[in-house]
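Side-chain atoms are counted along with the backbone in the values below, which use heavy atoms only and exclude waters and symmetry mates. We're numbering straight along the sequence, starting at 1.
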Amino acid sequence: MTRDLVKHSVTIAGHRTSISLEPEFWMVLRDIAKRNNRSLGAEIAAIDAERGTRNLSSAIRVRILQDALVKNAPQGDGGVAGMVVSGFV
């Protein structure tokens with residue numbers, strides 16, 4: 001995994017902001033947005049609306065982790081993936 005951050009500017013709720021993430025996170029976030037039939041900006045706005053007190057870059061990384069855990073969890077798993085679905089992660 002590369003350590004270089006890639007910065008993108010997006011408009012959320014009418015305000016421009018810059019987000020810095022590793023290229024690998026941008027790649028997965030684009031895949032998530034495509035699966036959800038959203039633009040990248042709309043996916044980021046959805047994450048922003050649910051992030052609480054986390055900074056936006058952290059909230060995006062957590063959303064990507066949640067997606068990976070849920071996608072890779074065995075059926076009926078009550079472990080970490082169950083906590084993700086329940087909103088504990």
Side-chain angles (χ1 to χ4, degrees):
M1 186 158 125
T2 182
R3 296 189 187 270
D4 296 330
L5 295 176
V6 175
K7 187 179 282 194
H8 285 280
S9 294
V10 294
T11 301
I12 300 172
H15 297 96
R16 290 292 282 173
T17 189
S18 293
I19 302 166
S20 296
L21 295 170
E22 295 77 8
E24 296 85 354
F25 282 104
W26 284 115
M27 182 178 62
V28 175
L29 184 59
R30 283 187 188 95
D31 289 343
I32 292 170
K34 185 176 180 179
R35 251 187 292 123
N36 291 333
N37 295 314
R38 295 180 178 153
S39 67
L40 183 61
E43 191 67 40
I44 292 169
I47 293 167
D48 180 60
E50 299 174 356
R51 70 183 166 112
T53 59
R54 282 193 175 113
N55 74 53
L56 185 53
S57 293
S58 293
I60 291 169
R61 288 184 184 98
V62 168
R63 173 62 181 89
I64 291 167
L65 175 61
Q66 289 172 334
D67 182 74
L69 290 172
V70 170
K71 273 178 47 178
N72 295 310
Q75 288 286 352
D77 180 28
V80 174
M83 291 185 341
V84 168
V85 171
S86 300
F88 288 108
V89 174

In chain order, what residues pass the salt bridge (Lys or Arg N to Asp or Glu O under 4.0 Å) check against Arg30, with sequence neighbours excluded?
none

Does any non-hydrogen side-chain atom of Asp48 lie less than 4.5 Å from one of Arg51?
yes

From Ser20 atom OG to Lys7 atom NZ, the distance as rounded to the nearest 0.5 Å
4.5 Å

With a 4.5 Å heavy-atom cut-off, do Leu40 and Val10 have their side chains touching?
no

Any Lys/Arg nitrogen of Asp31 or Arg35 sitting under 4.0 Å from an Asp/Glu carboxylate oxygen of the other?
no

Under 3.5 Å, is there a donor-acceptor pair between the side chain of Thr11 and the main chain of Gly14?
no

Does the pair Trp26 and Ile19 meet the rule for a side chain to side chain contact (heavy atoms under 4.5 Å, CB included), with working shown?
CA-CA 10 Å; Trp26 284 115; Ile19 302 166; 4.0 Å; yes

State the CD1-CE distance between Ile32 and Met27, to the nearest 0.5 angstrom.
11.0 Å

Between the CD1 atom in Ile47 and the CZ atom in Arg38, the distance rounded to the nearest 0.5 Å is 8.0 Å

Kindly determine whether Leu56 and Ile12 satisfy side chain to side chain contact (heavy atoms under 4.5 Å, CB included), including the steps that lead there.
CA-CA 11 Å; Leu56 185 53; Ile12 300 172; 3.6 Å; yes

Any sub-3.5 Å donor-acceptor pair from Asn55's side-chain atoms to Ser57's backbone N or O?
yes

Distance col, row Arg61:CZ vs Glu24:CD, nearest 0.5 angstrom, shows 10.5 Å

Determine whether Arg63 and Glu50 satisfy the following criterion, salt bridge (charged side-chain N to carboxylate O under 4.0 Å, His left out), listing intermediate values before the conclusion.
CA-CA 10 Å; Arg63 173 62 181 89; Glu50 299 174 356; over 6 Å; no

What I'd like to find out is whether the side chain of Leu21 reaches to under 4.5 Å of the side chain of Ile60, using heavy atoms alone.
yes

Say you draw a straight line from CG of Leu69 to NZ of Lys71; how long is it, rounded to the nearest 0.5 Å?
11.5 Å

Going from CD on Glu43 to OG on Ser39, what distance comes out if it is rounded to the nearest 0.5 angstrom?
8.5 Å

